[in-house]
Amino acid sequence: MALQWAFIGFMFLIGLALPSAAIIANQIIAPRKPSKTKSEIYECGMETVGETWVQLKGQYYIFALIFLIFDIEAVFLFPWAAAYDKLALYMVLEGVLFILILAGGLLYAWRKGALEWV
Amino acid sequence: MVDLFSGIDQFLKDLLIGLGLQPAFVAVLLKFAAAAVLGTISVSLAIVLIWVERKLVARIQDRLGPNRVGPFGLLQTIADALKLLTKEVLIPDGADRIVFRLAPLLVVASVVAVWAVMPLAPGLIGSDVNVGLLYVISIGAVGTLGVMLAGMSSNNKYALLGAFRTVAQMVSYAVPMILSLLVPTLLAGSMGMAAIVEAQGQFPFLLLAPLAALIFLISSIAEVGRGPFDLLEAESEIVAGYHIEYSGMTFGMFFVGEFVHAFTISALTAVIFLGGWQGPGAQAYPLLGLLYFVLKTSVVYFIVIWVRGTFPRIRIDQMNAFNWKFITPLALVVLMVTAVVDKLAVGGGFTRLAFHLSANGIIVLLTLVALRVYARATRQAQQPAEEIPSPVQQPEAAGG
């Protein structure tokens, strides 16, 4: 089993190494003539005004929050689904009840208007 | 089972142990070699994929596509890569240099790492961990993180807007994706990728759970950020989105990451819903299984390109409404109904198939009815507003 996980680790390392190699090769081959204009931030030819970190819509934050709820739900549901073959009908119905409670949460967010993009 | 790959594995093992190395060390070394080969192949795939996509999109738009460099323009991608290699790598003022450099690496690595658990042929799988699907989801989130980091470290407003949109889109669409992946998990009774393919010996899960397959394909297209969901790099709105400040190969790596990711989700769809390497004669000849896998993946990849070439980009409010008000509730319903129906369908084989197909049919019908009711309610709510003629429209109406 440890070998299986080692393979995944190796794959991730290869995935990091290949683009690194390409980017390093790029930096060796490519010319390097830095100038002030070149390293300016691109904004359709104009100079940028003010801070980059503009205030963002609160909506993004709300969606991230709703996502978090459902993502944690998945952690609970995956073991239930993986053990499905061994479950009796009432255990399946308990899982359905759990999903229904979550659907209630989604419905609540919907009725509260949290899903509207304003 | 004797096949080409285990033969090579055995040969190398014997050779290295014969050289006087420790067997445990040889095992790790061979795993590393296999990972290097698989990783390099999956990254190099981009060269072919970019050509295929450009050709197909060109035919959809009634153009010829690349046809100058090499036969049928096959070498176009290599020429492009060489050009990118000679371009200067720029880092804008005020950028977070470490994060800026890390982001493209993460995007590629997250895609390559998915191939570690991809069952390519019978017995040919990099790493058959028992949490395969959960791993696929979590490693996909690393790619999303890479995109976010790219947008946030660039110190550019367009890039930052792209990162915001990533939060709204890629993160949201992970929800229906996870929910639709729960369906094959409970049908197969396992999260392991090899076990899921094994469970599709009789019927592919596309037949048992067509709605889940559709939801998975849509949400994973959104997860890649292409097709109608390319809001995070929408050219006409935020120029190039998160990778606007990247140049040379750092940009090229985002490009490679996106194309290989699109192919990877096609492969995932093929494995999870179309039966992967399953097909007549695949058990006896593993290479035939590999061929089936590639064929099924290509079909799904063609559909992904087709969708990209024919659908207009959707607005961000439409995208969110589509996800949270349509796909996610639908995925919840599909999951619940599948869980109950699969327990009730006592007879295996075709009885089970009939149960699942009719359950999916009923869900589709009810969804259509619900949409009709919803559309009528919305139209009635908007009616009074439309009856008041606006002063601008009146002269036109009189003239006509």
Side-chain angles (χ1 to χ4, degrees), chain A residues 1 3-8 10-16 18-20 22-23 25-27 29-33 38-44 48 52-54 56-57 59-60 63-64 66-67 70-71 74 77-78 81-85 87 89 92-93 95-96 99-100 102-103 106 110 115 117, chain B residues 27-28 31-32 35-36 38-40 43 85-93 104-105 108-109 112-113 115-116 126-129 134 155-157 160 164 167-168 171-172 174-175 178 182 185-186 189-191 244-245 248-250 252-253 316-317 320 324-325 328-329 332 335-336 339-340 343:
Chain A
M1 201 64 210
L3 214 54
Q4 306 275 351
W5 286 104
F7 184 82
I8 289 178
F10 288 149
M11 272 308 258
F12 198 77
L13 285 182
I14 298 285
L16 287 176
L18 286 173
S20 313
I23 290 168
N26 182 198
Q27 285 189 324
I29 295 171
R32 198 178 306 158
K33 285 182 190 151
K38 228 187 247 177
S39 60
E40 263 177 12
I41 303 153
Y42 171 76
E43 202 170 302
C44 302
T48 53
T52 306
W53 281 87
V54 287
L56 64 130
K57 247 166 137 42
Q59 213 75 32
Y60 292 108
F63 279 113
I66 305 173
F67 159 75
F70 275 88
D71 212 31
L77 279 176
F78 263 107
Y84 183 77
D85 287 349
L87 299 183
L89 182 62
V92 172
L93 288 178
V96 169
I99 300 169
L100 277 176
L102 278 154
L106 182 65
W110 194 338
L115 302 183
W117 192 261
Chain B
V28 174
K31 279 282 177 198
F32 184 74
L38 189 58
T40 314
V43 171
L85 268 178
T86 61
K87 292 288 173 187
E88 188 175 351
V89 176
L90 292 172
I91 299 183
D93 285 338
L105 306 185
V108 176
V112 170
W115 285 86
S127 160
D128 187 17
V129 287
L134 210 54
N155 191 27
N156 181 309
K157 281 174 192 155
L160 192 65
F164 288 165
V167 176
V171 152
S172 300
V175 171
I178 292 166
L182 280 164
T185 308
L186 64 84
S190 170
M191 283 188 272
I244 187 169
E245 288 289 1
M249 254 314 163
T250 49
M253 283 305 125
I316 191 156
D317 61 325
N320 273 310
W324 289 108
K325 296 180 182 175
T328 304
L332 283 171
L335 175 61
M336 286 188 285
V340 175
K343 265 300 166 225

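Residue numbers start from 1 in every chain, and the chains themselves are labelled A, B, ... in the order their sequence lines are given, proteins ahead of strands. Hydrogens, waters and symmetry mates are skipped; everything else that's a heavy atom, side chains included, is used. From a predicted model like this one, the values you see are computed outputs, not experimental measurements.
Residues A:A74 and B:I178 come closest through the heavy atom pair CB-CG2, 3.1 Å. Minimum heavy-atom separation, B:A113 to A:M11: CA-CB, 4.3 Å.
At distances below 3.5 Å, at least one donor-acceptor pair connects side-chain atoms of A:Q4 with backbone N or O atoms of B:D128. Although no hydrogens or angles enter the test, the distance criterion places a donor-acceptor pair under 3.5 Å between the side chain of A:N26 and the main chain of B:K87. Panel note: side chain A:Y84, backbone B:A339; a donor-acceptor pair is recorded below 3.5 Å. The main-chain N or O of A:K33 is found under 3.5 Å from a side-chain atom of B:E88 such that the two form a donor-acceptor pair.
The most heavy-atom pairs under 4.5 Å with chain A, out of B:D317, B:L182, B:V175, come from B:L182. Contact tally against chain B (heavy-atom pairs below 4.5 Å) for A:W5, A:F78, A:F12: the top residue is A:F78.
Using a 4.5 Å cut-off between heavy atoms, B:N156 contacts chain A through both its backbone and its side chain. Within the 4.5 angstrom heavy-atom criterion, only side-chain atoms of B:L335, from C-beta onward, approach chain A. Proximity to chain A (any heavy atom under 4.5 Å) is shown, for B:K325, by both the backbone and the side chain. Proximity to chain A (any heavy atom under 4.5 Å) is restricted, for B:I244, to the side chain, taken from C-beta onward. At a 4.5 Å heavy-atom cutoff, the contact between B:M253 and chain A is made by side-chain atoms alone.
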